[in-house]
Protein chains: 2
Amino acid sequence: MADEKPHCKVVLATNIAKSLLEEVQDGLAKIGRKPLLVGFLSSTDPAARVYAEWTGKTANENGFAFELREIDREELEDALLDANNDAAVDGIIVYYPIFGNRQDQYLQQIVSIDKDVEGLSHRYIFNMYQNIRFLDHANTKKSILPCTPLAVIKILEYLRIYNTILPYGNRLHGRTVTVINRSEVVGRPLAALLANDGACVYSVDINDVQQFTRGEGLRKRRHEVHEKPGWTLENCLPISDVVISGVPGDKYKVPANLLRDGAVCINFSSDRNFSPDVKEKASIYVPAIGKVTIVVLLRNLLRIVQNKIDAAAEASRENVSEAVQTSES
Amino acid sequence: MADEKPHCKVVLATNIAKSLLEEVQDGLAKIGRKPLLVGFLSSTDPAARVYAEWTGKTANENGFAFELREIDREELEDALLDANNDAAVDGIIVYYPIFGNRQDQYLQQIVSIDKDVEGLSHRYIFNMYQNIRFLDHANTKKSILPCTPLAVIKILEYLRIYNTILPYGNRLHGRTVTVINRSEVVGRPLAALLANDGACVYSVDINDVQQFTRGEGLRKRRHEVHEKPGWTLENCLPISDVVISGVPGDKYKVPANLLRDGAVCINFSSDRNFSPDVKEKASIYVPAIGKVTIVVLLRNLLRIVQNKIDAAAEASRENVSEAVQTSES
């Protein structure tokens, strides 16, 4: 029996982005106006400028207004406060790194929660780690998730790794996922999100391996973290259905020989963390995710605008109801 | 943090059957006539009679005609040959066991391949093991698959274990499945079908464990079988995403402590091979499959009738074309 070539489906971010964009455009049509996203560029990092230009292009092509404000970094805080107070501004994105130290985290908390399309406000991050999905008790306003981790989740939904026959919130039950990188920006929130959705996640960084899980039968309401002393990729990769890697730099490669046959492999580093031999074993390979991240940003903006419209409608209903009560009394 | 109850979705055959029946009814509407299924009962096994009555009920309720012929077992061969030659009969099902020995396999080959809704004809079985999916070179007439293994596959499709983002024929790539039972009727064909669709299958019976697989990257066109000396369920279950068990008798229980958390568990024994504690760990549990098997039988009947109609249409086109050529020459 002659051998065939290995079967690996390479899925490009463009195609995933396209399917998400349709959803975003449907939502935009319902709103019936052009939301304004303002980008703040104070970074000297050329990658930040590229990201800014890419946001602008995608926004403009898809019915959003985008305005780039280049601001001296010492004046950024005031500029952000102005934008917070400007009713014409729907969403704010700041291109990091700026100071490249803790001052950047301070600046992230300056952006109004009602305009934070990146999902970096403490309350959003808190909700994400705590597996709290809504901002209100009536469960109508969804909390905003950080763009890059959410992009990975949207990719896993597109790839049918989320099983829609399972109840919402548990759709990764039975999946084992390795996330290589535990940065506060992507790796750790991503591991938490996936575990909150039911996966058993191995979070790997240069020092150690941690397991994020809701426990047997998903008995916990949210994930817990357990150290895995002595564990390395040699333990994680052979048992993982999904491998997600985001190690910066072009030196790092995930060892393909350790992958489980038929694994789903996703790279979120701006470099390629998988060498071409990943296709010998993976069933699905996603080489880059940037284009999905931008669409997720627009999706967050849309959600924020919808929340604002809903809140205004509710307030006006309450006013009417109060007026009725006043006239009746 | 308080513990919740374990999350296990119990999926009943009735619901899966319902969704398949819709598909069957759509097909039936296109045909525009009532196909006739004839059942032959020569078995003294009470389970055979129950199965026959159940077939009749499901067939009648869903727009098929069903006729039960109770025949002395010594006269069955002639009765089958008569039915083969009777144009009014679209499909034939024989309720086994009859002699309970190799004579039953002889009888299976008596039923005309064009009326064999159970998919037991040698050519169908050969195609199944060889991963040949069509009866013709133009790939228009699908080969018939045996009912019980096909029912399990339809269940796995319903449960989204087949990943539709992967190409047809490879949709189980990356899935590890344990099948407990290696009978010629269900266990072995099922293991072969799943492996041909891309899964890594451990086929377990009382004597040994065999691995059915198309190899790394699905390089083989069809599955190969490898002995796994010294392996037991202790090796298979902890690495299996899906566990399918069909051990006869009410004594046997799959050891739940060995299951992978979030496993999908399916019982095809007429007894329960999983004890209630399966729900502590499984993400999905299907306790019985009988109702799906009957619908798959009707689906096979429909396919056979469609193949017949297509063949007749093709023959008439060829006749017209010959007539045109004759008049032109």
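Just so we're clear, the structure is a prediction, and the values are computed from it rather than from any experiment. Just so we're on the same page: letters track the sequence lines, and every chain starts at 1.
Taking each heavy atom of B:I284 and A:I165 in turn, the nearest pair found is CD1-CG2, 3.6 Å. Residues A:R219 and B:K5 approach most closely at CG-C, 4.3 Å, considering heavy atoms. Residue B:H173 comes nearest to A:H7 through the heavy atom pair CE1-O, 3.5 Å, listed as atom of the first residue, atom of the second, then distance.
Between the CD atom of B:E4 and the CZ atom of A:R221 there is a distance of 7.5 Å, given to the nearest 0.5 Å. Annotation: the span from B:D261 atom CG to A:T176 atom OG1 amounts to 8.5 Å, rounded to 0.5 Å.
The 12-atom threshold is exceeded at OH of A:Y129, counting heavy atoms of other residues, nucleotides or ligands nearer than 6.0 Å. The environment of CD in B:E234 is sparse: at most 12 heavy-atom neighbours from other residues, nucleotides or ligands sit within 6.0 Å. Annotation: A:K279, atom NZ; neighbour count of heavy atoms from other residues, nucleotides and ligands within 6.0 Å does not exceed 12.
Using a distance-only test at 3.5 Å, with no hydrogens or angles considered, a donor-acceptor pair links the side chain of B:R260 to the main chain of A:G174. Checking side-chain atoms of B:N163 against main-chain N and O of A:L159 turns up a donor-acceptor pair under 3.5 Å.
Side-chain atoms of A:K9 and B:N170, non-hydrogen and from C-beta on, never get closer than 4.5 Å to each other.
Contact of B:R175 with chain A is made through backbone and side chain together, with heavy-atom distances under 4.5 Å. Of the atoms belonging to A:T213, not a single heavy atom falls under 4.5 Å from chain B. The part of B:A282 that comes within reach of chain A is its backbone (N, CA, C, O), which places non-hydrogen atoms under 4.5 angstrom from that chain.
The candidate with the highest count of non-hydrogen atom pairs below 4.5 Å against chain B, out of A:L172, A:L166, A:V11, A:V264, is A:L166. For chain B, the option among A:P6, A:A263, A:C200 with the highest count of heavy-atom pairs below 4.5 Å is A:P6.
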